[in-house]
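Shown next, in structure tokens, is the structure this report addresses.
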Amino acid sequence: MKRSILAALGLATSLAMPAAAEDIKVGLLLPFSGVYASLGNEIEAGFNLGLAEFGGETDVTFEILREDTEVSPPAALGKARKLILQEQVDVMVGIVSSGVLGAVRDMVHGAGVPLIVANAGNDKATGAACSPYITRMSFSNGQINRPMGTWMAEQGIETVYTLAPDYAAGRQMIDAFAETFTAAGGEIVGQDFTPFQKTQDFGPYLAQAASSGADAVYVFYAGGEAIAFVKQYDSFGLQEDLPLYGSGFLTSPLYVNAQGEAAEGVVTALHYAPTIDNAANAAFVASFTAETGRVPSEFAVQGYDAARALIEAAKTGANNRETLANALRQVSFDGPRGEMSIDPATNNIIQPVYVYETVAGEGGLTQQVLAQLPAEADPVNGCEMAAPVSN
Ligand code: PHB
């Protein structure tokens with residue numbers, strides 16, 4: 001078994017053979033506790049699968065060091081400092097929360113450590129606070145929600161009430177949706193932001209939405225908050241008169257079964273659904289399902305593609321902070337989500353966005369794709385990308 005695969009499985013350091021330095025030291029910085037813990041575990045599962053599947057394309061070996069962000073910006077900053085200064089990692093992969101990404105951005109940029117963002121959509125990290133060291137293999141908050149504002153207006157929805165957790169991702173996702181929805185003639189008749197990681201009872205917020213007179217509700221919630229929100233929305237009996245829409249994290253395949261029937265009929269937009277029809281996705285769904293016993297979610301594909309990007313970079317001969325940063329911004333491949341590339345102006349990913357409805361299928365809930373919206377590069381949003389680092 002190649003050592004790169006053993007490293008992915010966390011076994012590299014326990015091998016009973018003379019300790020050989022791995023070629024590339026990777027810091028995996030993810031939430032393994034807190035409201036996004038399941039997302040962190042899923043990204044790691046996808047990352048390990050990607051290393052195992054594509055690792056054979058290079059002789060380079062990877063040592064993986066994992067740290068828990070706890071979905072806490074101060075805790076994550078401490079862990080990033082440890083990985084960068086003490087462990088001297090060559091590259092970091094991960095970050096789920098936009099708040100955490102905002103907190104570690106300056107340290108990553110200042111230290112010149114490449115970071116492959118495997119979730120956090122914070123628009124600023126590929127906008128005004130962009131960096132040649134930050135490359136995003138996931139999505140940006142604006143990218144997912146902008147197309148949905150236009151699409152919903154085109155479906156004849158005239159008025160919307162919005163809800164989201166009160167932190168960077170919630171604000172950015174709702175702002176992006178509202179911008180295109182109103183530009184297309186729609187009206188936001190009310191909005192609220194719920195305390196992040198603290199709201200268990202959405203009842204008071206749902207009562208406001210119900211009395212707003214809106215045609216529909218549009219939200220961003222993820223992880224444990226998404227499960228609670230969708231179940232409570234259903235138990236309030238709102239879905240029939242006030243259909244629920246959102247960014248697709250709301251009904252992620254990762255936890256849609258925990259929502260059960262409450263998720264049926266919810267329509268959302270996202271850069272990935274396991275039902276996307278292409279050959280790379282069919283192979284990915286088969287291998288991820290064989291490995292874990294569940295279909296992959298957007299979080300799994302982000303980890304998988306992050307591993308592939310790392311391997312593509314390593315294949316160019318890059319093996320330290322500078323050369324890896326430079327190579328990562330130039331990767332491009334067709335993966336399970338379709339055609340994708342990195343925008344050199346911002347280092348953000350360019351990819352299609354899919355509108356899907358959660359429906360009952362033969363083996364439980366599934367994602368029925370209603371529309372594929374074109375891949376668009378984000379506006380540069382004030383990003384002044386420094387000249388590429390020298391090789
Ligand atoms: C974010 O904070 O950027 C974030 C978190 C969870 C998601 C999506 C975005 O599912």
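The analysis underlying the following values was restricted to heavy atoms, covering all of them including side chains, and did not include hydrogens, waters or symmetry mates.
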Q | Q351 backbone acceptor or donor facing R337 side chain under 3.5 Å | A | no
Q. Are more than 12 heavy atoms from other residues, nucleotides or ligands located less than 6.0 Å from atom CD of E261?
A. no
Q.
Membership question, hydrophobic clusters at under 4.5 Å side-chain separation (ILVMFWY): are V267 and L373 in the same one?
A. yes
Q) Any donor-acceptor pair under 3.5 Å linking the side chain of N347 with the backbone of R136? A) no
**Q.** Donor on one side chain, acceptor on other, D378 and T346, under 3.5 Å
**A.** no
Q | Minimum-distance pair of heavy atoms, taken over all atoms of D68 and S33 | A | OD2-OG, 2.7 Å
Q.
For D123, is there any backbone N or O sitting under 3.5 Å from a side-chain donor or acceptor partner on Q172?
A. yes
Q) Centre of F193's six-membered ring, under 6.0 Å away, within 45 degrees of the axis: is that where NZ or CZ of R171 sits? A) yes
Q | Residue list, side chain to side chain contact (heavy atoms under 4.5 Å, CB included) with R308, at least two apart or on another chain | A | F54, E312, F333
Q) Hey, does the side chain of K25 reach the backbone of Q88 with a donor-acceptor pair shorter than 3.5 angstrom? A) no
Q.
Evaluate V355 against M148 for side-chain contact (heavy atoms from CB on, under 4.5 Å), listing each step before the verdict.
A. CA-CA 8 Å; V355 181; M148 195 56 168; 4.1 Å; yes
Q: Apply the side chain to side chain contact (heavy atoms under 4.5 Å, CB included) test between Y233 and each candidate in V266, V219, L242, L250; give the one that qualifies.
A: L242
Q | Linked, directly or transitively: L30 and V301 (ILVMFWY side chains, under 4.5 Å) | A | yes
Q.
Tell me which pairs pass disulfide bond (SG atoms under 2.5 Å apart) where either residue lies in residues 140-253, with sequence neighbours left out.
A. none
(Q) Evaluate Y133 against V113 for side-chain contact (heavy atoms from CB on, under 4.5 Å), listing each step before the verdict. (A) CA-CA 6 Å; Y133 298 100; V113 181; over 6 Å; no
**Q.** Which atom of I43 lies closest to which atom of A118, heavy atoms considered
**A.** CD1-O, 3.7 Å
Q | Residue from Y354, F139, Y356 passing ring pair (Phe, Tyr, Trp, His ring centres under 6.0 Å) with H271 | A | F139
Q) According to the interplanar angle, ranging from 0 to 90°, do the rings of F177 and F181 count as parallel (below 30°), tilted (30 to 60°) or perpendicular (above 60°)? A) parallel
Q: Begin with the C-alpha distance, continue with both residues' side-chain angles, and end with the deciding distance and a verdict on side-chain contact (heavy atoms from CB on, under 4.5 Å) for I64 and F47.
A: CA-CA 11 Å; I64 314 296; F47 184 74; 3.9 Å; yes
Q | Main-chain N/O of G246 paired with T268 side-chain donor or acceptor, under 3.5 Å | A | no
Q | Y304 side chain to E53 side chain, donor-acceptor N/O pair below 3.5 angstrom | A | yes
Q.
Would you say L85 ends up clustered with L115 if hydrophobic residues are merged whenever their side chains have heavy atoms under 4.5 Å apart, either directly or through other cluster members?
A. yes
Q: Please name the residue in the list Y221, Y36, F220 that meets the ring pair (Phe, Tyr, Trp, His ring centres under 6.0 Å) test with F196.
A: Y36
Q: Check S98 against A120 and note the closest heavy-atom contact, atom names and distance.
A: N-CB, 3.9 Å
(Q) If only side-chain N and O atoms count, and only distance matters, is there a donor-acceptor pair under 3.5 Å linking Q239 with E264? (A) no
Q) Can you name the residues that form a salt bridge (Lys or Arg N to Asp or Glu O under 4.0 Å) with R81, not counting sequence neighbours? A) none
Q.
Checking side chain to side chain contact (heavy atoms under 4.5 Å, CB included) between V331 and each of I311, I349, I342, T135, which is the one that passes?
A. I342
Q.
Restricting to salt bridge (Lys or Arg N to Asp or Glu O under 4.0 Å), what partner residues turn up for E357, sequence neighbours left out?
A. none
(Q) Looking only at side-chain N and O atoms, does T199 offer a donor or acceptor that is under 3.5 Å from a partner on E225? (A) no
Q) Which atom pair, heavy atoms only, marks the closest approach of A327 to A313? A) CB-CB, 3.7 Å
Q. Near E158 CD, under 6.0 Å, is it more than 12 heavy atoms from other residues, nucleotides or ligands?
A. no
Q: Quick one: list whatever passes side chain to side chain donor-acceptor pair (under 3.5 Å) with N281, sequence neighbours left out.
A: Y272
Q.
For residues 78-136, which residue pairs pass the disulfide bond (SG atoms under 2.5 Å apart) check, not counting sequence neighbours?
A. C130-C383
Q. Going by heavy atoms in the side chains, are V108 and S131 under 4.5 Å from each other?
A. no
Q: Taking all non-hydrogen atoms of both residues into account, name the closest pair between P344 and R329 and its distance.
A: O-NH2, 3.6 Å
